[in-house]
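Note sheet for the following structure.
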Amino acid sequence: MKNIAVFIDGKSGQISESSQRLLVLATNWLSKNNLDNMYVFGFEPVNSEQLKEYASVVQYTHIKIPDLANHSQVFSSLLADIQQKEISQFFYVKSLLMDTIASFIANKLSLPLIANVLKIESADSAVHFTKSIFSGKATLTTEIKGDAFIGAFSKSFAIDFTNNTSNSSVSQSEITLGIDSQNKLIENHPLTGSIPLPDAAIVVGAGRGFKDPSNWGIVEDLAKEIGAATACSKPVSDLNWRPHHEHVGQTGVKIAPKLYIACGISGAIQHLAGVNGSRKIVVINNDPEAPFFKHADYGIVGDVFDVLPRLLNKLKSH
């Protein structure tokens, strides 16, 4: 038996957009490479109906995490389940939690772990991975011999096919991870209200060009109008104008939305490292020499305090 595991994420029982794309990719991969079954794992309950459109999915396993998860005694039950299901290939979209779990699995099962995957192809008795390197400035194709591996996909990976298959039945199971005796969770402060940056299809980012935190209202109004999350550059979060979980960049959150609108951000290399996975980038800046324009799909040279209100009024009129 040659089986695949796909780790997905979501919120309120809905599978995230990037995980949906990954399921389509894994379904296509399984079919082309004569693999047997696909097992799907996630960290919250998911309705089986959402998985029936993907052929070869036989089971969804809800992984319950009662406490911090970063130690071998925590993952032992998950490892036992993986071995019992004879899984040799693993697909997931990168996240802090999944990177931790994947590194543990890679170590225990002696599997190669390939990070920042953009594309996967089979070639004779090998697998070729195209991956992002140098903070997205270049790509590298690496070859893995054999058919056992862990692929950590970048959120910006793309697929050029659609899912045309379906499945009649998906069973459900549950695994509760153990308690990590070396760590203790003291407080938990979940982020609420706005759309989480990693899940957002559209993001409006703003920088020091807004001059003062009191001017942020227009950014939030635009984001609300188009159903976007808000983000900021590192200098803005360092000044405490905006919360640090909105900081996008090399040392902050890395995003890959369908659309990123950068307002009053010059485009330093550290910020670009966090947003270059975006499918489309729109830059609004009053400096025509701002570095960000070189990386933009569309650019508007103008004062954000003039351009954004006009853009917002145009959107509301439609």
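Along the sequence shown, the residues carry numbers beginning at 1.
More than 12 heavy atoms of other residues, nucleotides or ligands shown are found within 6.0 angstrom of NZ on K155. Residue L140 places its CG atom among more than 12 non-hydrogen atoms of other residues, nucleotides or ligands, all under 6.0 Å distant. Residue R21 places its CZ atom among more than 12 non-hydrogen atoms of other residues, nucleotides or ligands, all under 6.0 Å distant.
Residues K258 and I202 fail the side-chain proximity criterion, which asks for heavy atoms closer than 4.5 Å. Inter-residue side-chain proximity for L35 and D147 is flagged as unmet; no heavy-atom pair is nearer than 4.5 Å. At a threshold of 4.5 Å between non-hydrogen side-chain atoms, the residues P45 and Y60 do not count as touching. For the pair I281/F292, a side-chain contact is recorded, criterion being any heavy-atom separation below 4.5 Å from C-beta on. Counting heavy atoms from C-beta outward, F149 and L111 have side chains that stay 4.5 Å or more apart. With a 4.5 Å cut-off on side-chain heavy atoms, D81 and F41 count as touching. The shortest side-chain heavy-atom distance between N37 and Q59 does not fall under the 4.5 Å cut-off.
Proximity of a side-chain donor or acceptor of D124 to a complementary backbone N or O of A126 within less than 3.5 Å is not detected. Checking side-chain atoms of S19 against main-chain N and O of S16 turns up no donor-acceptor pair under 3.5 Å. At least one donor-acceptor pair closer than 3.5 Å links the side chain of N3 to the backbone N or O of K85. In terms of modelled atom types and a separation under 3.5 Å, the side chain of S125 and the main chain of K145 share no donor-acceptor contact. Using modelled atom types, one side-chain atom of D212 and one backbone atom of S214 make a donor-acceptor pair closer than 3.5 Å. Under a 3.5 Å cut-off, the side chain of H244 and the backbone N or O of S237 do form a donor-acceptor pair. For S31 (side chain) and T27 (main-chain N/O), no donor-acceptor pair under 3.5 Å exists by modelled atom type. Under the 3.5 Å distance criterion, the side-chain polar atoms of N313 are matched with a main-chain donor or acceptor of P309.
One hydrophobic cluster holds both Y298 and I300 under the rule that ILVMFWY side chains link at heavy-atom gaps under 4.5 Å. Placement of V275 and I284 in two distinct hydrophobic clusters is found when ILVMFWY residues are connected by side-chain heavy-atom separations under 4.5 Å, directly or transitively. Linking ILVMFWY side-chain heavy atoms closer than 4.5 Å, directly or via other members, places L308 and I265 in two distinct hydrophobic clusters. At a threshold of 4.5 Å between side-chain heavy atoms, the hydrophobic network of Ile, Leu, Val, Met, Phe, Trp and Tyr places F293 and V282 in two separate groups.
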I would like to know whether E246 and T230 meet side chain to side chain donor-acceptor pair (under 3.5 Å); could you show each step before the answer? CA-CA 7 Å; E246 289 191 3; T230 56; 3.1 Å; yes
Walk me through it: do D99 and Y92 pass the test side chain to side chain donor-acceptor pair (under 3.5 Å)? CA-CA 9 Å; D99 284 345; Y92 74 93; 2.8 Å; yes
M38 vs L23, test: side-chain contact (heavy atoms from CB on, under 4.5 Å). Steps then yes/no. CA-CA 9 Å; M38 187 192 308; L23 285 166; 4.1 Å; yes
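Heavy atoms only, all atoms of each residue included: H271 and Y260 are closest at NE2-OH, 2.8 Å. Of all heavy-atom pairs between N47 and Q172, the closest is C-NE2, 4.2 Å. What you find for A229 and A200 is that their closest heavy atoms are CB-CB, 3.6 Å.
Just one residue in the list W29, F7, F90, F91 forms a ring-ring contact (aromatic ring centres under 6.0 Å, His included) with F153, and that residue is F91.
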